[in-house]
Amino acid sequence: MTATRRPRRCRVWRGDIVIELPQHNAAFCRDHFLRYCRDQVAKTIKEFAMVEPGDRLLVAVSGGKDSLALWDIVSDLGYEADGLYVGLGIGGYSDASGQAARRFAAERGRHLVEIDLREHFGFDVGQAAEATGRVPCSACGLSKRHVFDRAALDGGYDALLTGHNLDDEAAVLFGNTLRWEVEYLARQKPVLPAGENLPRKAKPLVRLTERETAAYCVLTGIDYQVEECPMAAGNRHLQLKDALQRAEAASPGTKTAFYLGFQRKARVAFEASLADGQAHQLRQCARCGSASSNEICSFCRLRERMTTP
Ligand code: Q46
Ligand code: ZN
């Protein structure tokens with residue numbers, strides 16, 4: 001049996017280490033870990049042609065570690081990036097999340113766009129979940145997607161960035177694979193091009209794990225919202241994340257190989273299998289003008305349901 005090699009010194013200049021990354025058989029001191037995070041994001045942006053130099057970016061921020069780390073890193077990489085915070089109305093959790101996003105923007109002198117669901121549309125996530133009889137994440141995800149897209153288009157941004165990390169994306173991929181969701185697999189790219197009434201959307205954190213984004217925030221003094229959303233309990237993705245985490249612990253590098261291997265070697269085959277006309281056709285919502293599969297988009301239908309007595 002071969003013992004796993006455990007580096008004890010920074011891979012770059014042999015200083016004191018602050019973090020070990022078994023998946024890279026590496027360990028880093030503070031400065032080189034921060035550089036490693038920026039390099040991973042820059043590499044992802046380049047490999048998947050996510051943004052161009054000079055693009056104006058809108059970063060969707062929840063107040064949590066991933067999105068604030070992303071906002072910080074793309075700004076450090078030299079991009080002009082504003083933040084977008086959507087108030088979901090999930091009690092104390094939303095209050096603390098909004099404060100974290102505002103604090104980050106104020107401390108770093110960055111512009112934060114704020115849109116509150118209750119103020120703008122007359123309902124919050126809890127009310128929408130109750131009215132639809134579905135899990136809160138369903139109405140929440142639908143509302144966030146709509147607000148993100150509209151804010152990016154209305155603000156004239158070149159791309160909308162979200163803080164999905166490797167753990168998130170590998171779990172979604174795992175779930176889609178277990179059920180052979182061919183259409184979702186074909187579309188599960190870390191960047192989606194702009195379309196008619198749709199902004200370009202990218203996930204530049206897909207090479208970083210949630211442990212790495214948390215460490216990035218701690219080491220750069222980003223005071224993020226540490227609580228998990230209280231409505232996440234029972235979320236199927238959490239179970240898939242746990243399963244992948246066990247596979248990763250047994251064999252470091254599994255999540256990266258699974259996710260990036262899919263992007264490089266397999267996704268295109270699923271896309272080709274849809275090329276016979278099953279590809280997703282979108283039109284314009286008759287109410288709000290957003291891209292939609294139906295005459296009225298899902299968000300406008302939800303709104304109608306929430307405002308009709
Ligand atoms: S905020 Fe919304 Fe998440 Fe809470 S209700 Fe679900 S989707 S868990 S990222
Ligand atoms: Zn609509």
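Given the structure is predicted, the values throughout are model-derived calculations rather than measurements. Each ligand, and each atom within it, is numbered from 1 in the order the structure gives.
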Using 0.5 Å steps for rounding, measure from the CZ atom of Phe174 to the CG atom of Asp167.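 The CG atom of Asp167 is 13.5 Å from CZ of Phe174, to the nearest 0.5 Å.
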Using a cut-off of 2.8 Å, count how many protein N, O or S atoms are strictly closer to atom 4 (Fe) of ligand 1.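 Number of qualifying protein atoms: 1.
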Starting from atom 9 (S) of ligand 1, which protein heavy atom do you reach first, and at what distance in Å?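 Residue, atom and distance for the closest contact: Lys144 NZ, 3.4 Å.
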Please, which pairs that meet side-chain hydrogen bond (donor to acceptor under 3.5 Å, both in side chains) have at least one residue in residues 60-70, sequence neighbours excluded?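 Qualifying pairs: Ser62-Ser67, Asp66-Asn165, Asp66-Thr213.
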Suppose we screen for salt bridge (Lys or Arg N to Asp or Glu O under 4.0 Å). Which residues come up paired with Arg110, at least two apart in sequence or across chains?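 Per chain and number, Arg110 pairs via salt bridge (Lys or Arg N to Asp or Glu O under 4.0 Å) with Asp72.
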Please identify each residue that fulfils salt bridge (Lys or Arg N to Asp or Glu O under 4.0 Å) with Asp55, with sequence neighbours left out.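 Asp55 satisfies salt bridge (Lys or Arg N to Asp or Glu O under 4.0 Å) with Arg200 only.
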Considering residues, nucleotides and ligands other than Arg108, do more than 12 of their heavy atoms fall under 6.0 Å from its CZ?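 Buried by this count: over 12 neighbours within 6.0 Å.
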Do NZ/NE/NH1/NH2 and the carboxylate oxygens of Lys43 and Glu47 come within less than 4.0 Å?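 No salt bridge links Lys43 with Glu47.
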